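Quick notes on the structure that follows.
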Amino acid sequence: MDRITLQKVDESNFIACFNLELNDGQEQFVSHPIRSLAQAYVYYQQCTPFAVFSGGEVVGYVMVIYDYDEETYNIWHLMVDRRHQRKGFGRAAMELVLEYIRTKPFGASNRVLMTVNPQNSAACALYQALGFTETGRSDEDEVELGMTLS
């Protein structure tokens, strides 16, 4: 696997993010980057959208948003392009996102939350392997996972 980097989404890479594709049936698990980038625009004071790069190519997308009311970081919309799945890019991107959150770009919290559809077994296994556990809360058809960074 090539080295993974995160680059803030900007005018040089947003079209590549728009062109990311999922495998059939995965649309029910993750929002398309177009929707996510619209949210990033609206919440620009509390979020950072990232293109996931490998070997100079955009292979995925992920967004970090800070909830000032709950004082928590949230990871939204992690996706890896269908041509690059099952290569470890999702895990590598998550590890880099957690490193980014450790820098506390928006607030002093060590709490990280995310939601996942329990039917998305690959994502559930990844997040649990990284130390996320169920919080007991849910959002529509997704369960909330959380972790506290050390």
Side-chain angles (χ1 to χ4, degrees), residues 1-68 70 72-107 109-132 138-147 149:
M1 177 178 77
D2 289 333
R3 183 173 175 268
I4 295 294
T5 59
L6 299 180
Q7 295 180 18
K8 290 182 181 179
V9 174
D10 61 20
E11 65 276 356
S12 72
N13 57 33
F14 79 97
I15 296 296
C17 291
F18 287 178
N19 291 329
L20 294 170
E21 298 177 358
L22 295 168
N23 283 318
D24 290 340
Q26 291 181 325
E27 306 84 18
Q28 66 182 323
F29 299 138
V30 66
S31 295
H32 193 278
I34 292 174
R35 178 175 185 252
S36 183
L37 286 171
Q39 290 172 317
Y41 178 79
V42 171
Y43 298 108
Y44 70 95
Q45 293 180 331
Q46 65 196 80
C47 80
T48 306
F50 290 106
V52 180
F53 275 83
S54 175
E57 178 183 4
V58 174
V59 299
Y61 173 85
V62 64
M63 186 166 75
V64 173
I65 188 163
Y66 189 75
D67 184 328
Y68 285 101
E70 291 192 7
T72 58
Y73 284 92
N74 293 270
I75 300 172
W76 280 7
H77 311 299
L78 172 66
M79 73 172 291
V80 174
D81 185 86
R82 65 180 179 81
R83 295 170 292 256
H84 300 285
Q85 293 179 8
R86 300 192 172 276
K87 297 179 182 179
F89 293 145
R91 181 182 187 92
M94 283 293 296
E95 289 170 350
L96 289 174
V97 163
L98 293 172
E99 283 180 30
Y100 171 74
I101 292 170
R102 281 185 178 95
T103 70
K104 303 188 184 340
F106 297 104
S109 178
N110 289 323
R111 191 74 178 142
V112 182
L113 301 174
M114 63 187 318
T115 60
V116 63
N117 185 313
Q119 295 177 351
N120 189 347
S121 57
C124 289
L126 168 63
Y127 304 145
Q128 289 172 352
L130 290 169
F132 284 88
S138 62
D139 183 17
E140 296 179 14
D141 61 343
E142 296 190 339
V143 296
E144 183 182 73
L145 304 177
M147 72 181 311
L149 297 174

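All of these numbers come straight from a predicted model, not from anything done at the bench.
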**OP:** Find the distance between CG (Leu96) and CZ (Arg3) and round it off to the nearest 0.5 Å.
**Re:** 7.5 Å

**OP:** Mark yes or no for whether Asn110, through its side chain, and Met147, through its backbone, hold a donor-acceptor pair below 3.5 Å.
**Re:** no

Quick one: side chains of residues 35-42, donor-acceptor pairs under 3.5 Å with protein atoms, not counting sequence neighbours, listed by atom name and distance.
unit_1, atom_1, unit_2, atom_2, d
Arg35, NH1, Ser31, OG, 2.7
Ser36, OG, Tyr61, OH, 2.9
Gln39, OE1, His77, NE2, 2.7

Subject >> Leu98 vs Ile75 side-chain heavy atoms within contact, under 4.5 Å >> reply: yes

Subject >> Beyond-backbone contact of Phe14 with Pro49, side-chain heavy atoms, under 4.5 angstrom >> reply: no

**OP:** Looking only at non-hydrogen atoms, find the nearest pair between Val58 and Cys17 and report the distance.
**Re:** CG1-SG, 4.2 Å

Subject >> Nearest-0.5 Å distance that lies between atom OH in Tyr100 and atom CG in Leu6 >> reply: 10.0 Å

**OP:** Mind checking the CG-CG spacing from Asn19 to Asn13? Nearest 0.5 Å is all I need.
**Re:** 11.5 Å

Subject >> Which atom of Leu20 lies closest to which atom of Pro33, heavy atoms considered >> reply: CD1-CG, 4.2 Å

Original post:
Is the backbone of Arg102 close enough, under 3.5 Å, to the side chain of Tyr73 for a donor and an acceptor to pair up by distance?
Top reply: no

**OP:** Output yes when a side-chain donor or acceptor of Glu144 lies under 3.5 Å from a complementary backbone atom of Asp139, and no otherwise.
**Re:** no

Subject >> Interatomic spacing from CE in Met114 to CE in Met94 - rounded to 0.5 Å >> reply: 4.0 Å

Original post:
Which is it for Thr115 and Leu145 under the side chain to side chain contact (heavy atoms under 4.5 Å, CB included) test, yes or no, and what are the steps along the way?
Top reply: CA-CA 6 Å; Thr115 60; Leu145 304 177; over 6 Å; no

Validation: residues 120-129 side-chain donor-acceptor distances under 3.5 Å, sequence neighbours left out:
unit_1, atom_1, unit_2, atom_2, d
Asn120, OD1, Ala123, N, 3.3

**OP:** Over all heavy atoms of both residues, which pair between Ala51 and Val9 is shortest? Give the atoms and the distance, please.
**Re:** N-CG2, 3.6 Å

**OP:** Determine the minimum heavy-atom distance between Phe106 and Cys47, stating which atoms define it.
**Re:** CZ-N, 3.5 Å

Original post:
How far apart are the closest heavy atoms of Asp10 and Ser12, and which atoms are they?
Top reply: OD1-OG, 2.6 Å

Original post:
Is a side-chain N or O of Asp81 found less than 3.5 angstrom from the main chain of Val59, in a donor-acceptor match?
Top reply: no

**OP:** Hey, could you give me the CZ/CD distance between Phe53 and Gln7, rounded to the nearest 0.5 Å?
**Re:** 4.0 Å

Subject >> Exercise: identify the closest heavy-atom pair between Asp67 and Glu70 >> reply: OD1-N, 3.0 Å

**OP:** Measure the shortest side-chain to side-chain distance between Phe132 and Val116 over non-hydrogen atoms and say whether it is less than 4.5 angstrom.
**Re:** no

Original post:
Mind checking whether Leu113 and Arg111 have side chains closer than 4.5 Å, heavy atoms only?
Top reply: yes

**OP:** Would you check if Phe50 and Lys8 make a side-chain contact, meaning some heavy-atom pair closer than 4.5 Å?
**Re:** yes

Original post:
Are any of the side-chain heavy atoms of Thr72 and Val112 separated by less than 4.5 Å?
Top reply: no

